[in-house]
Amino acid sequence: MSVCGAAINCEFSDAMGISMLARGLKALNGFRHWLNTGAAWHWYSLATVTLSGLLIAALIVLVTSQGLGYFWPASVQEWVISESKAVDSPLQAPSSQRLFVRVLEQQPVVSAQPALPADDTAQTGLEYFVQFQEFVDGTANWRYAWVEAGRIIRVTRPQSLLEVHLSQGGSVFGYPLVIDSGEQQFTGQALHALLRDGGWRELMASGEVTEARLLLRLQDGSDFVAPLTTVRNVLFPNDASLLYRVRQFTTSLWVFLSTGPQPDYQGGILPAIYGTVLLVLLMSVILVPLGVLTAVYLHEYASNNLLTKTLRIAVSNLAGIPGIVYGVFVLGVFVYGLGAQIDQWFFNDRLPLPTFGTGGILWASLALALLTLPVVIVATEEGLARVPNDLRRGALALGATRSEMIWGTVVTAASPAILTGLILAIARAAGEVAPLLLVGAVKYTGQPLLESSFPYLHAERQFMHLGYQVYDFALQSTNTYATIPLAYATTLILLALVILLNLIAIRLRARLRRRFLIDYS
Amino acid sequence: MDTELNAQPSLLQEDSQNAELAVVVRGLHVYYGARLVLDNISLDVEQKQVTALIGPSGCGKSTLLRCFNRLNDLIDDCHVQGQVRLFKRNIYHPDEDVVTLRRQVGMVFQRPNPFPKSIFDNVAYGVRLQHKLGARELREVVRWSLKAAALWDEVKDRLSESALKLSSGQQQRLVIARALAVKPSVLLLDEPASNLDPISMLKLEELITELKSRYTIIIVTHNMQQAARVSDHTAFIDQGRLIEVSDTRSLFTHPKQKQTEDYITGRYG
């Protein structure tokens, strides 16, 4: 019985093995058939779309989170730490034992010499990278250091800790003790409410109490006196209320957007925002007539011979030239050549101080216009090519001259395509920094580009630019810990601005399309 | 030239006798590069009549039509020999002003080609090129033209809308209104109904019949029923040659040439 059963079992399993093999082969054949149908391409293309989508999403998430994170009030901890015994610390250890710190990073301790077992600095566990303050001659300076977890004796997050932004730059952490307005003194709850709800501003604005002062207790136990007129903003970074934090977030975002830069990386980037917008507008004013006229000549007037073909290829290739080359070109030919000449003719009285003979927003927008010219030419030409020939014949048959036909009908019909070119050009130009380095973008300028009196626009002046600010914050700073978050915040604003400019142009194009119902461009 | 003209003495005689001719073509040869597209065409077009040009695709009938307003000039390698006289004026004379000519000879194309502008601006386009009219006069011209093209009632409340919103039948009548607005004396229609639905086509044919009283109309069509319905005279062209021309009724009922008979009875090719 058992033998028989085994035999049956055996046969059964053989048969099963064969059938599984057959099924496997069939599945393989099915897969090969599926591959042959080309259906796999659907998935390949979907996969690449997904990949690009993920990369773009990652970029946006990074820039948004880092950028907005800069404005979110980060909590400040009060640490009591033991003396450092480390001798090879790259950053000088804090001298005080009580510190107000902001934790920026943490990582496991990496011991420099793991072979030495008895070294009691080689703690296992975490070390923290912190930002704290140190006072030199009464001014607060930011300091940064790695602190091992083992050195920390006590950590608290006091709700009453105040962060004071001073108008001449810098900020101070401390416990508010009293506001003394001369006739009135605020302490305790009243003081907290006054600082938290912005009442202190009214105290300052009321005028009669100009000598009102805020007294702070610092980390080392000493007192700090800040006249209210020197205080730009105060906030409680550890306040538990979400609403309060959101309000502080909006305030600092607004300050960043609506004010000019201050020393010590305080303040905002308003001049850079309008420098960028003005640069793009000036560029468009130069770019569109040049690009459209060139494209119209190439497509409508010139016959399609070897010369025009060569020109067309040359124009397309211009799009591939790095931005810095245009910067050098404009610097050499226009700034030092034409600009210096203009100075001799019209601004002789100001020489040797250059007016147009140095970098300025006019030259920068010219460089960007040259840089993006191919984009507009190619887009316009494509738009013109899509205008049906019947439209041209129709105009001519009504007795229009060639120019009337082109400018009255054909260019109108191609106007959405021209705007497409402009959109692409703005997208490229607004983020371009390389050429600007040479022709007028600066880290800071006090001279406004627009004035309310003649000549209103100072096209010869140097200007601030968001992209240049990012470059400066990220690579030219002596204090990258403070400026890298700023670089992210500025990047975010730059991205938002480019998107905004594009949206405006896209809406304009949509309106043109709707108005004319042009479906061939 | 003389021998060519002598080959058709009857036509020459008619030309000298009949002052009612709008267009007179004599010994017309048209080349595209080295290729001969129209071979020795001589044709008379009577005033305020509809003349239809029929023939198979590629026979050269559209090319002939475009000789009447010199739209062939746009084709780079097009070369014209012979005479085309419009009201006794040789339009291929070197002194001829093409722009003036085209204001005198309106043209409607196979596909409706309204400009991407409003209905009003479309009709006013040609007028604005010529005259500086006041707003009221211009409105009057537009109204008159749209009425003449039997479109006024359909669009009078939406003159500022894009012309591209109209149906293709309406667009084709708009294009006719646009041509009428510049007050031409001759109207050239290049297969104007070939992209229209049957009802729009009938409307267009009614319009052509109405317009006949004021304009000389030359229509190219590949639809022989249409030619029979709307035209007074019909010319059959094949392979660049004018095979036969006579009044429409006799051409369709008693064609003199075997080729014509084959074509109109559908035995062609």
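In this structure, chain A has a heavy atom under 4.5 Å from the side chain of B/Arg66, while its backbone stays farther away. For a residue to count as touching a neighbouring chain, one of its non-hydrogen atoms must lie under 4.5 Å from one of that chain's; by this rule B/Val105 touches chain A with the backbone only.
Between B/Glu140 and B/Arg136 there is no salt bridge, since none of the side-chain N atoms of the basic residue sits less than 4.0 Å from a carboxylate O of the acidic one. Between B/Lys61 and B/Asp190 there is no salt bridge, since no side-chain nitrogen of the basic residue lies less than 4.0 Å from a carboxylate oxygen of the acidic one.
Here the side chain of B/Glu137 pairs a donor or acceptor atom with the backbone of B/Gly134 at under 3.5 angstrom.
Residue pairs meeting the salt bridge (charged side-chain N to carboxylate O under 4.0 Å, His left out) criterion with at least one member in residues 296-314 of chain A, sequence neighbours excluded: A/Glu300-A/Arg392, A/Arg312-A/Glu381.
Taking all atoms of both residues into account, the shortest heavy-atom contact from A/Pro435 to A/Leu368 is CG-CD2, 4.1 Å.
Cation-pi geometry between B/Arg178 and B/Phe115 is satisfied (NZ or CZ under 6.0 Å from the ring centre, within 45° of the ring normal).
The most heavy-atom pairs under 4.5 Å with chain A, out of B/Val98, B/Val99, B/Leu74, come from B/Val99.
Within residues 394-403 of chain A, the residues having any heavy atom closer than 4.5 Å to a heavy atom of chain B are A/Gly394, A/Ala395, A/Leu396, A/Ala397, A/Leu398, A/Gly399, A/Ala400, A/Thr401, listed by residue number.
Looking only at atom types and distance, the side chain of B/Thr221 has a donor-acceptor partner in the side chain of B/Gln226 under 3.5 Å away.
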